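Sharing a structure, written as structure tokens. Questions coming.
This structure is a prediction, so every number in the text was calculated from the model and none was measured.
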Amino acid sequence: MAEVVTRGTGRVERTADRAEVQVNFETVGATRNAAVDELTRRVASVEPVLDRAGVEVRSRRLDVHDNWDGQRRAGSRASQQYVLRVHDLDRLDDLLSALVAAEPTWLNGPNWQLATDTEAVRAAQREAVADARRRAEGYAEALGARLGTLLKLSDGDGEPWEPSVGRSVAAYGGSVGDAPRMEELNLEAQQIVVTVRCTAAWSLLD
């Protein structure tokens with residue numbers, strides 16, 4: 001029995017409904033204890049900012065190490081990195097404004113996400129199968145045959161997530177200042193492109 005094998009691609013776009021932000025605070029001191037004490041004072045004003053509805057602290061990571069100038073120890077450095085997940089995007093601008101006002105060493109985000117991709121993946125799967133069938137029908141017509149039943153279907157290669165390029169904001173250390181107006185940066189939720197590929201084998205009928 002003759003058969004035709006085709007590949008299909010399905011792509012759908014959905015507006016992001018979740019964002020991730022990474023922020024780091026770094027301090028120096030003559031000793032490790034001094035650096036950590038300064039870091040503790042630095043983040044004391046930050047922790048209340050994170051205790052907000054719709055904001056989840058995914059991780060806190062502490063790093064403490066000595067600085068060296070050749071063979072000579074030159075003080076110590078301490079840093080704390082936060083990974084934050086924002087479930088309520090209406091609160092994103094206020095959160096970023098408060099974080100930037102605290103003068104972090106660096107801030108990166110928002111990285112846009114979908115809270116769940118189930119619906120988007122299912123829609124992309126339907127498009128992928130339909131695309132594979134259209135291609136198979138085209139080959140069948142070119143051969144003067146009819147497309148028969150589906151014999152085999154396999155998931156294609158490639159990452160199912162293809163987020164579009166989002167906008168991010170970066171901030172660097174200094175003295176604590178007034179909260180900036182983050183809404184003027186237009187950090188609106190971006191489109192997430194979910195891509196699914198499949199390979200299908202169909203029978204060919206005379």
Side-chain angles (χ1 to χ4, degrees), residues 13-69 73-118 120 159-194:
E13 289 189 4
R14 296 293 183 269
T15 303
D17 56 5
R18 191 170 72 184
E20 188 173 275
V21 177
Q22 298 181 8
V23 61
N24 179 278
F25 294 87
E26 189 172 284
T27 57
V28 295
T31 65
R32 285 185 291 253
N33 284 345
V36 171
D37 286 344
E38 179 61 26
L39 179 64
T40 301
R41 287 190 291 270
R42 185 78 174 275
V43 301
S45 63
V46 177
E47 288 291 335
V49 172
L50 309 181
D51 188 21
R52 300 182 176 190
V55 179
E56 175 189 1
V57 180
R58 297 289 293 171
S59 70
R60 292 177 175 85
R61 179 178 177 181
L62 175 67
D63 180 59
V64 182
H65 63 270
D66 291 333
N67 291 328
W68 294 88
D69 183 6
R73 181 175 171 277
S76 298
R77 188 177 300 271
S79 66
Q80 182 150 307
Q81 179 179 338
Y82 297 87
V83 177
L84 311 175
R85 181 173 288 172
V86 183
H87 300 275
D88 183 354
L89 296 185
D90 289 337
R91 300 176 182 270
L92 181 60
D93 282 345
D94 288 343
L95 174 66
L96 292 175
S97 180
L99 290 174
V100 172
E103 293 289 351
T105 304
W106 56 261
L107 185 153
N108 181 265
N111 299 310
W112 302 104
Q113 303 174 347
L114 291 175
T116 176
D117 68 344
T118 301
E159 293 293 330
W161 282 83
E162 292 186 5
S164 59
V165 177
R167 302 174 183 174
S168 64
V169 57
Y172 300 91
S175 59
V176 177
D178 295 331
R181 297 176 58 86
M182 302 305 296
E183 64 274 11
E184 295 180 0
L185 293 180
N186 297 319
L187 295 172
E188 297 178 354
Q190 301 295 293
Q191 293 296 303
I192 301 291
V193 180
V194 178

**Q.** Closest heavy-atom pair and its distance - A189, A16
**A.**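 Looks like CB-O, 3.4 Å.
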Q.
With a 3.5 Å distance limit and no angle check, can you tell me whether S97 reaches the backbone of D93 through a side-chain donor-acceptor pair?
A. no
Q: Take N67 and H65 through the side-chain contact (heavy atoms from CB on, under 4.5 Å) test and state the conclusion after the steps.
A: CA-CA 7 Å; N67 291 328; H65 63 270; 3.9 Å; yes
Q. Which heavy atom in L92 sits nearest to a heavy atom in A19, and how many Å separate them?
A. CD2-CB, 4.4 Å
Q: Give the C-alpha distance, both sets of side-chain angles, the deciding distance and a yes or no for side-chain contact (heavy atoms from CB on, under 4.5 Å) between N108 and V21.
A: CA-CA 6 Å; N108 181 265; V21 177; over 6 Å; no
Q. D51: what forms a side chain to side chain contact (heavy atoms under 4.5 Å, CB included) with it, not counting sequence neighbours?
A.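 Here no residue qualifies.
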Q) Hey, what do you get for CD (Q113) to CG (D17), rounding to the nearest 0.5 Å? A)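 It comes to 9.5 Å.
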Q) salt bridge (charged side-chain N to carboxylate O under 4.0 Å, His left out) with R52: which residues, sequence neighbours excluded? A) none
Q.
Under the rule for side-chain hydrogen bond (donor to acceptor under 3.5 Å, both in side chains), what residues qualify as partners of D88, not counting sequence neighbours?
A. R91
Q: Mind checking salt bridge (charged side-chain N to carboxylate O under 4.0 Å, His left out) for E13 and listing every partner two or more places apart, or none if nothing turns up?
A: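 With sequence neighbours excluded, E13 shows a salt bridge (charged side-chain N to carboxylate O under 4.0 Å, His left out) to no residue whatsoever.
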Q: May I ask you to test the N24-Y82 pair for a side-chain heavy-atom distance under 4.5 Å?
A: no
**Q.** Atom of A34, atom of G29 and distance for their closest heavy-atom approach
**A.**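 So the two residues come closest at CB-CA, 4.2 Å.
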Q) Atom CZ in R14, atom CG in L114: separation rounded to 0.5 Å? A)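 Answer rounded to 0.5 Å: 8.5 Å.
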Q: Could you tell me which non-hydrogen atom of E56 sits nearest to which non-hydrogen atom of R58, and how far apart they are?
A: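 Reported closest heavy-atom pair: OE2-NH1, 3.0 Å.
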(Q) Quick one, V36 and V64 - any side-chain contact, counting heavy atoms below 4.5 Å? (A)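 The answer is yes; the side chains approach within 4.5 Å.
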Q: Walk me through it: do Q80 and L39 pass the test side-chain contact (heavy atoms from CB on, under 4.5 Å)?
A: CA-CA 8 Å; Q80 182 150 307; L39 179 64; 4.1 Å; yes
Q. So, S79 side chain and F25 main chain: donor-acceptor pair closer than 3.5 Å or not?
A. no
Q. Can you find a heavy atom in the side chain of L95 that is under 4.5 Å from one in the side chain of V55?
A.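 SC-SC contact between L95 and V55 confirmed.
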Q: Quick one: which residue pairs count as a salt bridge (Lys or Arg N to Asp or Glu O under 4.0 Å) with a foot in residues 18-27, not counting sequence neighbours?
A: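 Found E26-R77.
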Q: Quick one: list whatever passes side-chain hydrogen bond (donor to acceptor under 3.5 Å, both in side chains) with S59, sequence neighbours left out.
A: none
Q: Go through the structure and list residues passing side-chain hydrogen bond (donor to acceptor under 3.5 Å, both in side chains) with T15, not counting sequence neighbours.
A: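 In terms of side-chain hydrogen bond (donor to acceptor under 3.5 Å, both in side chains), with neighbours along the sequence ignored, T15 is linked to Q191.
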Q) Got P110 and W112 here, is their nearest side-chain heavy-atom distance under 4.5 Å? A) yes
Q: Decide yes or no on side-chain contact (heavy atoms from CB on, under 4.5 Å) for V57 and V83, but give the supporting numbers first.
A: CA-CA 6 Å; V57 180; V83 177; over 6 Å; no
Q. Which residues satisfy the salt bridge (charged side-chain N to carboxylate O under 4.0 Å, His left out) test with D90, sequence neighbours excluded?
A. none
**Q.** Heavy-atom side-chain proximity of L99 to L84 below 4.5 angstrom
**A.**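 Result yes, sub-4.5 Å side-chain heavy-atom pair found.
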Q: Output all residues satisfying salt bridge (charged side-chain N to carboxylate O under 4.0 Å, His left out) with D66, sequence neighbours left out; order by chain, then residue number.
A: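 D66: salt bridge (charged side-chain N to carboxylate O under 4.0 Å, His left out) contacts with R32, R73.
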(Q) Restricting to side-chain hydrogen bond (donor to acceptor under 3.5 Å, both in side chains), what partner residues turn up for Q81, sequence neighbours left out? (A) none
